[in-house]
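Everything on this sheet refers to the single structure shown next.
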There are 2 protein chains.
Amino acid sequence: MQNELLALQQQLVPDLLTMMKKRYRILHHLFLTQPIGRRALAQQLQTTERILRAEVDFLKEQGLLTIETVGMHLTDAGKTLLDELADVIHEIEGLGKKERRLADFLGLQKVCIVPGDADLDPLVKKALGHAAADYVRSILRAGDILAVTGGTTVATLAEQMPKTQLGIEVAPARGGIGENMEFQANTIASRLAAQLGGTYRLLHAPDLMSDEALQSFISEPHVQETLQRIRRARMVVHGIGQAIPMARRRNLPEAKIDQLAGQGAIAEAFGYYFDRSGNIVHAMNTVGLRLSDLKHIERIVAVAGGKSKAEAISAVAHGCPINVLVTDEAVADAILENRREEPNR
Amino acid sequence: MQNELLALQQQLVPDLLTMMKKRYRILHHLFLTQPIGRRALAQQLQTTERILRAEVDFLKEQGLLTIETVGMHLTDAGKTLLDELADVIHEIEGLGKKERRLADFLGLQKVCIVPGDADLDPLVKKALGHAAADYVRSILRAGDILAVTGGTTVATLAEQMPKTQLGIEVAPARGGIGENMEFQANTIASRLAAQLGGTYRLLHAPDLMSDEALQSFISEPHVQETLQRIRRARMVVHGIGQAIPMARRRNLPEAKIDQLAGQGAIAEAFGYYFDRSGNIVHAMNTVGLRLSDLKHIERIVAVAGGKSKAEAISAVAHGCPINVLVTDEAVADAILENRREEPNR
DNA sequence: CATATGCGGGACATTGCGTGACCCACGAAG
DNA sequence: CTTCGTGGGTCACGCAATGTCCCGCATATG
């Protein structure tokens with residue numbers, strides 16, 4: 001077991017393990033920001049140029065990165081090493097343990113944690129997307145239908161998804177909401193389909209509409225068809241939002257927002273608002289995947305990070321039949337911290 | 001697989017393995033020579049006092065050794081670490097591979113190799129004894145009969161055997177030969193029995209005697225009984241000697257020695273002399289375990305090291321039904337080296 | 001086209017740490 | 001008692017790691 005070896009090395013050469021982490025961090029950061037120069041990288045990694053330079057010289061010597069006029073790039077060997085190293089660093093940092101504890105606490109099948117706090121460092125969100133993309137890709141099989149919601153985090157996943165030729169059908173789980181095109185479920189679906197070498201469907205509908213409009217809308221044949229595809233998805237990937245900021249982004253009336261706040265709404269997912277215990281306090285009149293559809297879907301993957309979302313994530317985990325959660329360390333720590341206090345209440 | 005981790009580390013922090021080996025070497029040497037002081041240890045490890053001091057300070061900080069006025073000692077944590085580390089170092093040094101190759105070539109069940117050359121460094125012999133003791137102890141079960149021959153190497157084994165309460169019966173496989181009491185089979189048997197928490201029998205007999213004397217001697221009831229115990233041993237541990245030096249130590253007449261040399265005698269074990277192909281060229285009129293008894297014994301362990309004995313060890317391995325060989329790296333290298341030349345002859 | 005920015009790489013002074021070379025006090029052993 | 005080996009302290013030296021620049025160049029930008 002490699003864990004034993006790491007334990008031995010922790011005793012015998014602790015500073016070299018530190019060195020290993022340091023170099024891994026450089027490679028990893030480089031991977032996320034390439035191409036990038038010495039100075040900029042040094043600043044982002046909170047180290048001096050000279051120190052980074054020494055490390056970079058070494059890593060170049062090892063053939064793990066190339067130095068060009070535009071900046072530094074990882075070589076294929078560097079990427080391979082990074083992948084293989086990820087698990088090791090995971091264990092060294094104790095993330096594996098946290099994942100198991102969090103999965104146990106939230107009753108999930110699996111939890112993936114990336115180091116850092118997506119609120120503080122935008123690269124953590126990128127790493128989050130990468131980790132989620134890795135996981136999704138490891139599960140997907142040719143011919144699967146994959147449903148995705150919108151949001152910046154899921155958009156990052158699509159961006160980080162490596163090119164493959166899997167032949168997946170990607171469908172948006174939600175209609176459009178009134179914000180940036182870039183983060184719409186439709187946009188993400190098309191992007192993901194491009195990366196995965198598959199096809200995609202679109203749900204040309206506003207996310208929110210009146211009852212009558214909704215009824216007539218969903219009886220449209222092509223909408224019906226898309227909705228049926230969505231409901232037959234094998235896997236759905238969705239984000240988790242904070243209730244109030246989300247309501248604001250949807251331009252809900254102030255009165256409605258106040259009402260939600262009064263009901264203790266703290267989290268949002270799939271158009272549903274949850275209080276901290278996971279109870280649904282409000283369901284939007286939404287087109288797309290409903291909560292009741294989820295139980296027919298094999299694998300439900302939630303992706304969200306940033307300490308500010310910790311409570312929301314915990315709430316949705318209790319209220320939604322999630323299988324897998326991909327999040328960051330700040331969230332994991334916050335939830336596990338709260339857990340200790342809960343039993344006393 | 002831990003090998004993968006080592007490969008990764010080799011790329012990312014090449015110093016790590018070097019440093020690990022260095023510190024392992026210090027701990028190992030300290031284990032074999034404790035209590036010992038800074039200066040003496042530095043000299044033996046071919047390093048400077050100041051360097052060793054830095055390492056020792058670190059290892060002390062890690063709680064792996066204690067520093068007292070009499071010198072340094074390993075702590076229990078240090079011993080544990082050393083044990084666990086042994087396998088890792090084994091693989092790093094490629095000894096595991098050599099063991100498998102040598103076992104394959106000599107047709108043995110198992111080979112254990114310790115680094116170094118017992119001819120050059122007396123501590124290697126000690127390590128040899130330690131490794132052999134470790135192996136023997138791992139096999140022994142309560143109630144077993146263990147037969148041992150004489151010799152300095154087997155004596156070292158007895159010395160290195162940790163105290164246990166196994167309840168073993170130890171019997172000398174040979175009578176006494178005319179040399180130092182310390183290395184007699186009888187002495188070793190009693191010592192081993194003390195360490196293993198068992199009983200022992202003695203074979204009060206000269207190793208070499210005339211036919212008539214031998215006949216009358218082995219008909220003595222208590223000798224008979226001891227001999228029967230010996231032949232029912234589950235395990236026998238024996239040394240391997242070079243033919244001519246051994247003959248000299250036994251004070252054989254010069255004429256006999258010349259005759260042995262003429263017959264190509266190169267190795268000695270159990271009182272038999274072998275040529276390089278493993279043919280018996282001379283059998284002494286010996287009391288104790290005969291070659292023909294060996295086939296009834298479950299596990300036959302040979303312990304011998306030092307490059308000068310390489311040919312002898314190879315010869316005995318071919319001529320004797322040995323199961324397990326514990327030797328040093330110099331021997332292994334020499335035998336494996338010769339192997340490449342043999343097919344061409 | 002000219003300018004500005006960020007890139008890699010070179011250069012150099014400085015400093016800080018590893019290291020060598022001692023010292024002493026002490027306890028054990030002869 | 002002397003002698004040896006022990007740990008621990010100290011200090012100066014030297015080199016390597018580091019901080020701090022600079023330059024030439026490619027690219028983006030106006």
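We name chains A, B, ... by the order of the sequence lines, and we start the count at 1 in each one. Since we're looking at a predicted model, the values are computed, not measured.
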* Asked: From A:Q184 CD over to A:S190 OG, what is the distance, rounded to the nearest 0.5 angstrom?
  -> 11.0 Å

* For A:L202, enumerate each residue passing the side-chain contact (heavy atoms from CB on, under 4.5 Å) test, keeping only those at least two apart in sequence or located in another chain. => A:N186, A:Y200, A:H204

* Asked: What residues, two or more places apart in sequence or in another chain, satisfy side-chain hydrogen bond (donor to acceptor under 3.5 Å, both in side chains) together with B:Q10?
  -> none

* **Contacts of B:T199 that satisfy side-chain hydrogen bond (donor to acceptor under 3.5 Å, both in side chains) - sequence neighbours left out** => none

* To do: Please state whether the phosphate of D:dG19, meaning OP1 or OP2, lies under 4.0 angstrom from any side-chain nitrogen or oxygen of A:T48.
  => yes

* Do the side-chain N and O atoms of B:Q9 and A:Q9 include a donor-acceptor pair separated by under 3.5 angstrom? -> yes

* Structure fact -> From CD of B:E61 across to P of D:dG8 the rounded distance in Å is 12 Å

* To do: Quickly work out the A:I51 CD1 to D:dT20 P distance and round it to whole Å.
  => 11 Å

* Structure fact -> With sequence neighbours left out, the residues meeting side-chain contact (heavy atoms from CB on, under 4.5 Å) with A:K22 are A:I51, A:E55

Using the 3.5 Å cut-off, write out each protein N or O paired with an N or O of nucleotides 6-9 of chain C and the distance between them.
from, atom 1, to, atom 2, distance (Å)
C:dC7, OP1, A:G37, N, 2.8
C:dG8, OP2, A:R38, N, 2.7
C:dG8, N7, A:R38, NH2, 3.4
C:dG8, N7, A:R39, NH2, 3.0
C:dG8, O6, A:R39, NH2, 2.8
C:dG9, N7, A:R38, NH2, 2.0

* **Protein-nucleotide distance (A:F58, atom CZ; D:dA16, atom C1'), rounded to Å** => 17 Å

* Structure fact -> A:T18 meets the side-chain contact (heavy atoms from CB on, under 4.5 Å) criterion, sequence neighbours left out, with none

* Asked: Taking only residues two or more places apart in sequence, or in another chain, which ones meet B:Y135 in a ring pair (Phe, Tyr, Trp, His ring centres under 6.0 Å)?
  -> none

* To do: Output all residues satisfying side-chain contact (heavy atoms from CB on, under 4.5 Å) with A:D333, sequence neighbours left out; order by chain, then residue number.
  => A:K98, A:E329

* **Rounded distance (Å) that lies between atom P of D:dA12 and atom CZ of B:R50** => 15 Å

* Structure fact -> The bend of the helix from C:dC1-D:dG30 to C:dG30-D:dC1, taken between the axes of its five terminal pairs at each end and rounded to 10°, is 20°

* Structure fact -> So salt bridge (charged side-chain N to carboxylate O under 4.0 Å, His left out) across residues 124-137 of chain A, not counting sequence neighbours, yields A:D134-A:R137

* Can you list every pair that meets ring pair (Phe, Tyr, Trp, His ring centres under 6.0 Å) and has a residue in residues 31-69 of chain A, with sequence neighbours left out? -> A:F31-A:H130

* To do: Scan residues 9-29 of chain A against DNA chain C and write down, sorted by residue number, each residue with any heavy atom closer than 4.0 Å; if none is found, say none.
  => none

